[in-house]
2 protein chains.
Amino acid sequence: MTVTLADVAARAQVSPATVSRVLNGNYPVAAATRERVLRAVDDLDYVLNGPASALAAATSDLVGILVNDIADPFFGIMAGAAQSQIGGPEGAGAGRAGGEKLAIVCNTGGSPERELTYLTLLQRQRAAAVILTGGAIEDPGHSTAVAAKLAKLADGGARVVLCGRPPLELPGGGGGVAAALAFDNRGGARRLTEHLLALGHRRIGYVAGPVERTTTRHRLEGHRDAMDAAGLGGVVEPLTVHGSYDRQSGYDATLELLRREPELTAVVAANDTVALGACAALRERGRSIPDDVSVAGFDDLPFSADTMPALTTVRLPLYEAGARAGRLAMGREAAPPGGIASVPAELMVRGSTAGPRS
Amino acid sequence: MTVTLADVAARAQVSPATVSRVLNGNYPVAAATRERVLRAVDDLDYVLNGPASALAAATSDLVGILVNDIADPFFGIMAGAAQSQIGGPEGAGAGRAGGEKLAIVCNTGGSPERELTYLTLLQRQRAAAVILTGGAIEDPGHSTAVAAKLAKLADGGARVVLCGRPPLELPGGGGGVAAALAFDNRGGARRLTEHLLALGHRRIGYVAGPVERTTTRHRLEGHRDAMDAAGLGGVVEPLTVHGSYDRQSGYDATLELLRREPELTAVVAANDTVALGACAALRERGRSIPDDVSVAGFDDLPFSADTMPALTTVRLPLYEAGARAGRLAMGREAAPPGGIASVPAELMVRGSTAGPRS
DNA sequence: ACGGCCATAGCAAGCGCTTTCTATGCGTTA
DNA sequence: TAACGCATAGAAAGCGCTTGCTATGGCCGT
């Protein structure tokens, strides 16, 4: 059989209670006793029974991180950063010493049902915290359901953190959400389009992300803000194509854009990956970048600086934001005032944008 | 307080045992009773207590997936695929119906200690299965420690699956590992170098991954095999530079390669990301690709087809392998004969390689 | 030198679920 | 009609740990 607390207690000649206290370090234990216990733990190669511990303590050391697409570095970077603040680098020890927690990355694939399912699963595991990353799905029913789940989670003692997702705008306020780190998608998108406008572009196509997603909407709004301000509001609607956040979608959408407006001089993509697809489509149609058509992305993923030409994009401090979300989830950092912090988006001008052919 | 099984039982006017049986569906329950119970579950919005369930049943519904770098799509793709076979898309219900499991993605960052720590954490949680992805660290002490942990895990009933990692070569055979999906890194690398050789290249530089990693070693061996067969074995050693699996490393290593051999006509990179860095370095030094220098990668990540020029690389069916690993971990697929399956690597010739300037 | 207090350690009662074993009621078969 | 068996439901004993409360001993103050 596996070794239990009682076995360790027997070997160390103390009561199970004492062993538990040594392992948790939350109760005074004489140094000599502690020594004896730790030796016994080592000798027997004891490993704490997580479920039993969680049951008795009514809380587990699991922290859930929900991502829309784990294969997308956008999420991978945030998740990795968050996990770096959560996971247990040091002491592989037996007890759940210090803030040792186990980060769980859950891949929703952008599906509302799965998002809810994972939230339930996390609730079932009595997770200590939950971090939701990336844009939310904008469906009244779904939002309500998520908010309800989060409220329940928070109610059960879990700390809920939103990273790259706008705060829940719901009657009842926040629903127990500890903190929200909202990306300035709108401002970033606006500045990006302003940059293009300043270069002289007028026929600007926009390859948007999936509809009903906050990220999609905010970026699109930023774009529209800039276009409106330039008196080009009428161009936005006809030159916007929605797709998913992947390369194929950028490719297809760009072809469609070219069909609608062969004289296009710039394409703004929902994100860098989509921009890659857009570049491929443009090249295939014989347009050179940026001489014939300028292209811009969003996120500034690692590969964006290495494309040819290097991609003009909007940098989001994904790593920093993820790490902060991790700290917030661990209670290692105070929540921002009002529970909401805005994460800045910085325009990165590189080689893929230039003035249109005169 | 939170709703418990007993509450549901009371409302449905049955015993807790019956509720448990309805939820687990592993015992005959009259249809009418089941109905009543399910309605009560719904009415009360009951969520099973995972830890309690795991404690009583001596097994949890957690499946751990260890990855070296979650921000790297190489791992993200495998993890996502595995999770798609594991996670609970359907029924968000209360019980742990069907094979509903929760996939945990653990990011080791390539650190041996963290790998061990996570394995312990997973053991502590009484994980139902563990999937180790990507290359292993080649250190006798570490390998032994990992093998011991895996044996213990397997001993405790967990199914252990290796994906993209060679089988454990240890006395005591496999140590309870259910299955190993080994990538044909060596063969793929050999074919890649053969391709370059066939084009006429002789001064071929190699940007290897971190030392002491099986993936690094196997790919390097494949390269050497091809070079040896061409009577160019002597060129390998002096034109090989080690680094990590990231872009920066590819950049730095390539500069070093150029220093050692300015007449270099081809660079083979440890993976696609590294190849990107190599391209950047070459361009910066005024070499055009593939006219002056050919470049090749490995893995065929999604962005590889979109670089300019498109990257010649070796395709690894990451998604398929990850999905298979997931199925294996769930016991939904029979283990391959001998517990080991080789995953083929396919050469993808694209624009970044061409014959050297004559 | 004695009562009292602090520092430690042990006792024992659960935490909420699963599961074995037992009980009940009905349909069957002779 | 009586004995038997099957299908279904309940009782209760844990699973291994945490923690409030209690017990013990040594040291202090006076």
Side-chain angles (χ1 to χ4, degrees), chain A residues 1-38 40-41 44 46-62 94-97 123-126 128 156-157, chain B residues 1-38 40-41 44 46-62 93-97 100 123-126 128 156-157:
Chain A
M1 257 318 278
T2 56
V3 183
T4 72
L5 231 211
D7 299 331
V8 176
R11 184 170 235 269
Q13 315 214 57
V14 296
S15 73
T18 300
V19 177
S20 171
R21 300 206 253 246
V22 168
L23 260 22
N24 290 301
N26 51 11
Y27 193 87
V29 172
T33 312
R34 184 203 318 292
E35 273 306 293
R36 206 140 32 86
V37 170
L38 290 179
V41 164
L44 298 177
Y46 170 69
V47 173
L48 182 73
N49 182 317
S53 168
L55 171 58
T59 174
S60 78
D61 48 6
L62 260 32
R96 32 179 210 156
Q123 183 187 355
R124 170 185 308 181
Q125 298 299 331
R126 302 300 185 257
Chain B
M1 257 320 279
T2 55
V3 182
T4 72
L5 231 211
D7 299 330
V8 175
R11 184 168 234 269
Q13 316 214 57
V14 297
S15 72
T18 300
V19 177
S20 171
R21 300 205 257 246
V22 167
L23 260 23
N24 290 301
N26 51 12
Y27 193 87
V29 172
T33 312
R34 184 202 320 290
E35 272 306 293
R36 208 142 29 88
V37 169
L38 290 180
V41 164
L44 298 178
Y46 170 69
V47 173
L48 183 71
N49 181 316
S53 168
L55 171 58
T59 173
S60 79
D61 47 7
L62 261 32
R96 30 179 212 156
E100 294 287 291
Q123 182 187 355
R124 170 184 308 181
Q125 298 299 332
R126 303 298 187 257

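As the structure is a computational prediction, the values presented were derived from the model and not from experiment. Residue numbers begin at 1 in each chain, while the letters A, B, ... track the order of the sequences. In what follows, every heavy atom counts, from backbone to side chain, and hydrogens, waters and symmetry copies are set aside.
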Do Val8(A) and Val14(A) have side chains that get closer than 4.5 Å, going by heavy atoms?
no

Asp61(A) CG to Gln125(A) CD distance, which is reported to the nearest 0.5 Å:
11.0 Å

Tell me the interatomic distance from Gln125(A), atom CD, to dC17(C), atom C1', rounded to whole angstroms.
13 Å

Residue whose nearest DNA chain D nucleotide is more 5′ - Val19(A) or Val29(B):
Val29(B)

Is there a side-chain contact between Thr4(A) and the phosphate of dG16(D), meaning an N or O under 4.0 Å from OP1 or OP2?
no

Tell me the side chain to side chain donor-acceptor pair (under 3.5 Å) pairs involving residues 26-35 of chain B, sequence neighbours left out?
none

What is the distance, rounded to the nearest whole Å, between atom CD of Gln13(B) and atom C1' of dA9(D)?
14 Å

Can you measure from OG1 (Thr2(B)) to CD (Gln123(A)) and round to the nearest 0.5 angstrom?
9.0 Å

So if I take every side-chain heavy atom of Val14(A) and compare against dC17(C), dG10(C), dT8(D), which nucleotide ends up nearest?
dG10(C)

Atom-pair distance (CD on Glu35(A); C1' on dT8(C)), nearest Å
17 Å

Return yes if the base of dA7(D) and the side-chain atoms of Tyr27(B) contain a donor-acceptor N/O pair under 3.5 Å, otherwise no.
no

Starting at CG of Asp61(B) and ending at P of dT18(C), how long is that distance when rounded to a whole Å?
11 Å

Check: Val3(B) main-chain N/O paired with Asp7(B) side-chain donor or acceptor under 3.5 Å:
no

Pairing pattern in dot-bracket form [Watson-Crick, G-U; both distances under 3.5 Å; | = partner strand] for DNA chain D
||||||||||||||||||||||||||||||

When the distance from OH of Tyr46(A) to C1' of dG16(D) is rounded to whole Å, what number comes out?
7 Å

Report yes if at least one side-chain N or O of Ser20(A) is closer than 4.0 Å to OP1 or OP2 of dC17(D); otherwise report no.
no

I need the Leu48(A) CG to Thr4(A) OG1 distance, nearest 0.5 Å.
11.0 Å

Whole angstrom value for the distance that separates C1' of dA12(C) from CG of Leu5(A)
15 Å

Below the 4.0 Å mark, does dT8(C) have OP1 or OP2 next to a side-chain nitrogen or oxygen of Thr18(A)?
no

Just how far, in rounded Å, is P of dT18(D) from CG of Leu55(A)?
10 Å

CG of Asn49(B) versus P of dT18(C): gap in Å, rounded?
9 Å

Roughly how far apart are Asn49(B) CG and Arg124(A) CZ, rounded to 0.5 Å?
10.0 Å

Whether the side chain of Ser60(A) engages the backbone of Arg126(A) through a donor-acceptor N/O pair (distance < 3.5 Å, no angle test) should be reported.
yes

So among Val37(A), Val22(A), Val19(A), which one has a side-chain contact (heavy atoms from CB on, under 4.5 Å) with Val29(A)?
Val22(A)

Pairs under 3.5 Å (N/O, protein and nucleotides 11-13 of chain D):
none

